Every structure is written in structure tokens, then in C-alpha cells.
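Heads up, the thing below is written out as C-alpha cells.
Residue numbers count from 1 along this sequence. Remember, it's a predicted structure, so these values are computed and weren't measured experimentally.
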Amino acid sequence: MTKLIDSRLSRRRFMLAAGVAAPAILVLPRGAAAATTLSLGHNAAPTNPRQIASLKFAELVKEKTGGRVEVRVAPSEQLGNEASLLTSLRTGAVDMTVNSQGSTSALVPEIAALGLPFLFSSSADAFKLLDGPFGDVLAQRFAKVGMVPLGYWDNGIRNISNSKRPIGVPEDLKGLKIRTPPDPMTIDIFQALGAATQQISFGELYVALQQGVVDGQENPLTNIASSKLYEVNPFISITGHKWESSPFLMSAITWNRLTPADRDVIKAAAAEAGALQRQMLADGEAKLFTEFKANPAIKMNDADKAAFRKASASVVDIWKKKPFGDFVEQLVKAVG
């Protein structure tokens, strides 16, 4: 209870300081331009590319508006976990979030289909679709729940870490409890692979792994490194079982309050910051692969991807039978 109260107080202090109950119109001296302060919350650590790109976005917005619009960035769940951030976005209590694909799928279930097992062999392949017509289709879905996508950042190709043993084939997962995000796709994949799953907030994951609440988890190497999960999960198995995006979303309430000129600035800044985030994640993944291989405290192995692909193939058929199965069919066909 104390932790919950402290969390709420911390969030309240940030929101009061940033003026994020709505885009805050600040009263300036006569003759000065009005200023708008916007909030951007996410769950990643301060060293994560998501945070670095968020700060770049804030810098660009301030620069391109001459200081009329400022963005206050709050990492590490300071404004709440991903589910609560999405709720706050819909009410206008928070203006923007770079969220996870899994949490976002609770409102736009189609987006989880981007994480079909082994659908994309690289992030570049995924962005060829998301930066085109499929991104436009998802934008229409987001509009129905009061959100405006500003772009899709990279949450990387995902791998498995755990505290018990190397994972070479799906059978090695039996008896392990794996944390997944609240993402139906990831849950379906790991159940098909024979693992037990438990959903835990990313901000609570390190402690859950440390205390043995779960044995392992799945994430790109960048997230494993920035949150130091390798300290409590020294076995890292390169499975590459799925790819995920990080949707950059704005509250439609906030969007509709902005002038057309400021909307253009927001979109341009989001595109530039998104390109930075994507590049940072790609560079970081390659660097971390080499560093983890060389670290004697980390036991990294290449899993049998063909075996994982075969074991998770049934998930594709399950998702084609969803109410939005037409979207899944078109997605699979587009990837080829």
C-alpha cells in the first residue's frame, strides 16, 4: 500500500509540476506568445533509446516552435504503467505516450498481429509495411479510440532470458514461468511453446525476476541491457521469435486543441525522433550481441529457430480466425 501511495504521489507531483491535466496554457507577460506544455510518458529506463528519442522529440518541438510548445518527458512509469497511460491519453490527462504493442492491443487488437511468430525477419521489413498502407489502416483504428499515431518506433526482435538454463529448443521451456507483457499474441506464442506465462508490469519485472516470481522473460537485447535484467537472468537465448513496435501516440483531445501549424511541427519532430530511435535500437542490438557474447557472467546461446518456428506455427491459424482475421490474412500475405 505504501508503494502504491508513493507512486501516486510521485505521479501527482510530476503532473502538477508539468501542468499535464490538459495542455497547459501558461500566462505570460503582455506581448509574449502563449505557451503550451505537453506531457509524454513511457515505461523505459533513462538510458533506453525510447527515452533518448523522446528527449530529442521534446528538443525539436521547442526549437521549431520558438519555445511556444514544450514537452515534459517522464520515463520509468513516472506517470503510470502502460495501461494507465493509455487510459490517461484517452481522457487527455496525459498528452503523449510511446507505448508497447502489447498494452496498446487492448484498445486496437489488430496491432498485436504485427507480432505473429517469425512474421518479420528484421525491423526494416516491418517498417516497410507500417510506414505505408498498413500504418494508415491502424491510424483509422486508433482514431476510433481517441488516439492519433505519430509514428511507430522500434521495440525490436525479441529473445528469451531466464535464470535456470539455456533455451535451445521449445522443450527447454517446459517447467519455466515466463513473464510476458499483457499481449495476447505473446501469451499465445509461449503457450504454444509449452511455457507457463504470467503478466507483470515492465517496471516491476526486475524485482519479480530477482525474487523468483517468474523464471524468465522475453525482450530485445536493448531492453534487457537498459533495465539490467541480465543481472538476474544470466541465460539469454537468441530465439528471435517475434518483432514488436512501440506506437508513439497522442491524445485526440490534445491533437484537436493544437493549431494546424503546431500539428505539423509535432509530426515533423516525431518523424525525426522516430528515425533516431530506430537507428539507435538497431545499432544497440548489434553492439549488445557482441558485448553479451564476450561477458563471462552472461551465458548466451543461439536457439534452434526452425524448431521454434514449427512449434509456434499454430498461432497464425488461431489469429486468422479472430474477428479481425481479414487484417491478419492481408498482413501475412503482404509479408509473403
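- Thr180 and Gln198 are not linked by any side-chain donor-acceptor pair at a separation below 3.5 angstrom, with hydrogens and angles left out of the test.
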query = Going through the checks in order, is the side-chain contact (heavy atoms from CB on, under 4.5 Å) test met by Met300 and Phe289?
reply = CA-CA 9 Å; Met300 195 160 76; Phe289 184 87; 3.7 Å; yes

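- Of the candidates Val94, Val61, Ile266, Leu38 forms a side-chain contact (heavy atoms from CB on, under 4.5 Å) with just one, namely Ile266.
- Side-chain heavy-atom separations under 4.5 angstrom define the hydrophobic clusters, and Phe235 shares its cluster with no other residue.
- To the nearest 0.5 angstrom, Arg141 atom CZ is 10.0 Å from Phe324 atom CZ.
- Counting only N and O atoms by type, the side chains of Ser251 and Asp95 include no donor and acceptor under 3.5 Å apart.
- A distance-only check finds no donor-acceptor pair linking the side chain of Asn159 to the backbone of Pro220 [under 3.5 Å].
- With a 4.5 Å cut-off on side-chain heavy atoms, Leu173 and Ile160 count as touching.
- Scanning all heavy atoms of the two residues, the minimum distance from Ser226 to Ala45 falls at O-CB, 3.7 Å.
- With a 4.5 Å cut-off on side-chain heavy atoms, Ser105 and Met185 do not count as touching.
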Would you list the atom pairs, donor with acceptor, under 3.5 Å between side chains in residues 303-310 and any protein atom, with sequence neighbours excluded?
| unit_1 | atom_1 | unit_2 | atom_2 | d |
| --- | --- | --- | --- | --- |
| Asp304 | OD1 | Ala306 | N | 3.3 |
| Asp304 | OD1 | Ala307 | N | 3.2 |

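- Taking all atoms of both residues into account, the shortest heavy-atom contact from Leu79 to Ser39 is CD1-CB, 4.3 Å.
- When the side chains of ILVMFWY residues are joined at heavy-atom separations under 4.5 Å, either directly or via intervening members, Trp319 and Leu138 end up in a single hydrophobic cluster.
- Within a 6.0 Å sphere centred on NZ of Lys177, heavy atoms belonging to other residues, nucleotides or ligands number 12 at most.
- Proximity of Ile298 to Pro234: side-chain heavy atoms (C-beta onward) are nowhere separated by under 4.5 Å.
- Using cut-offs of 30° and 60° on the angle between ring planes, the pair Tyr152 and Phe142 is tilted.
- Using a 4.5 Å cut-off between side-chain heavy atoms of Ile, Leu, Val, Met, Phe, Trp and Tyr, Ile52 falls into a hydrophobic cluster with Leu276, Met280.
- In this structure, Leu176 is not a member of the same hydrophobic cluster as Val169, with clusters built from ILVMFWY side-chain heavy atoms closer than 4.5 Å.
- To the nearest 0.5 Å, atom CG of residue Leu89 and atom CD of residue Glu82 are 12.0 Å apart.
- A donor atom on one side chain and an acceptor atom on the other are not found under 3.5 Å apart for Glu291 and Asn295.
- Side-chain contact between Arg68 and Asp262: present, with at least one pair of heavy atoms (C-beta onward) separated by less than 4.5 Å.
- The shortest non-hydrogen separation linking Leu40 to Thr97 is CD2-CA, 4.4 Å.
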Where do Ser100 and Phe202 land on the side-chain contact (heavy atoms from CB on, under 4.5 Å) test, with the steps shown first? CA-CA 10 Å; Ser100 74; Phe202 188 77; over 6 Å; no

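- With hydrogens and angles disregarded, no donor-acceptor distance shorter than 3.5 Å links the side chain of Arg179 to the backbone of Val214.
- Legend: residues meeting side chain to side chain contact (heavy atoms under 4.5 Å, CB included) with Ala334, ordered by chain and number and at least two apart, are Leu129, Phe134.
- Taken together through direct or relayed side-chain contacts under 4.5 Å among Ile, Leu, Val, Met, Phe, Trp and Tyr, Ile167 and Ile187 form parts of separate hydrophobic clusters.
- Rounding to the nearest 0.5 Å gives a distance of 4.0 Å between CG of Asn99 and CG of Leu86.
- For the residue pair Leu249 and Pro149, the shortest heavy atom distance occurs at CD2-CA, 3.9 Å.
- When hydrophobic clusters are built by joining Ile, Leu, Val, Met, Phe, Trp and Tyr residues whose side-chain heavy atoms come closer than 4.5 Å, directly or via intermediates, Ile157 is grouped together with Leu331.
- With sequence neighbours left out, Glu244 forms a salt bridge (charged side-chain N to carboxylate O under 4.0 Å, His left out) with Arg158, Lys242.
- The cluster map of Ile, Leu, Val, Met, Phe, Trp and Tyr, joined by side-chain heavy atoms under 4.5 Å apart, puts Val207 and Leu229 in different clusters.
- Distance check: Glu218 CD to Ser161 OG gives 9.0 Å after rounding to the nearest 0.5 Å.
- With rounding to the nearest 0.5 Å, the separation of CD in Gln101 from CH2 in Trp153 is 15.5 Å.
- No donor-acceptor pair closer than 3.5 Å links the side chain of Arg50 to the backbone N or O of His42.
- With no hydrogens or angles considered, a side-chain donor-acceptor pair links Ser237 and Asn301 at under 3.5 Å.
- Salt bridge annotation for Lys56-Glu59: present, with a cationic side-chain nitrogen under 4.0 angstrom from a carboxylate oxygen.
- Atom NZ of Lys228 sits in a sparse spot, with 12 or fewer heavy atoms from other residues, nucleotides or ligands closer than 6.0 Å.
- Side-chain contact annotation: Asp317 with Ser314, donor-acceptor N/O pair under 3.5 Å absent.
- Side-chain contact of Thr222 with Glu285: a donor-acceptor pair under 3.5 Å is present, judged by distance alone.
- Counting heavy atoms from C-beta outward, Phe57 and Val73 have side chains that stay 4.5 Å or more apart.
- Considering all non-hydrogen atoms of both residues, Arg263 and Leu258 come closest at NE-O, 3.5 Å.
- In the model, Asn81 has no side-chain atom that pairs as donor or acceptor with a side-chain atom of Asn43 under 3.5 Å.
- Here the side chains of Ser103 and Pro181 are not in contact, with every heavy-atom distance at 4.5 Å or above.
- At least one side-chain heavy atom of Leu107 sits less than 4.5 Å from a side-chain heavy atom of Arg90.
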* To do: Give the intermediate values and the outcome of side-chain contact (heavy atoms from CB on, under 4.5 Å) for residues Met147 and Thr104.
  => CA-CA 11 Å; Met147 298 180 188; Thr104 307; 5.6 Å; no

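- Counting only heavy atoms from C-beta outward, the side chains of Asn155 and Ser245 never approach each other to under 4.5 Å.
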Run the numbers on Leu205 and Ser227 for side-chain contact (heavy atoms from CB on, under 4.5 Å), then give the verdict.
CA-CA 9 Å; Leu205 178 55; Ser227 293; over 6 Å; no

Tabulate below the donor-acceptor pairs under 3.5 Å that side-chain atoms of residues 111-127 make, not counting sequence neighbours, or state none.
| unit_1 | atom_1 | unit_2 | atom_2 | d |
| --- | --- | --- | --- | --- |
| Ser121 | OG | Asp125 | OD2 | 2.9 |
| Ser122 | OG | Asp125 | N | 3.3 |
| Ser122 | OG | Asp125 | OD2 | 3.3 |
| Ser123 | OG | Asp154 | OD1 | 3.1 |
| Ser123 | OG | Asp154 | OD2 | 2.8 |
| Ser123 | OG | Trp243 | NE1 | 3.0 |

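- Expressed to the nearest 0.5 Å, how far CG of Leu209 lies from CD of Glu231 amounts to 11.5 Å.
- Residues Asp215 and Lys164 share a closest heavy-atom pair of OD1-CE, 3.3 Å.
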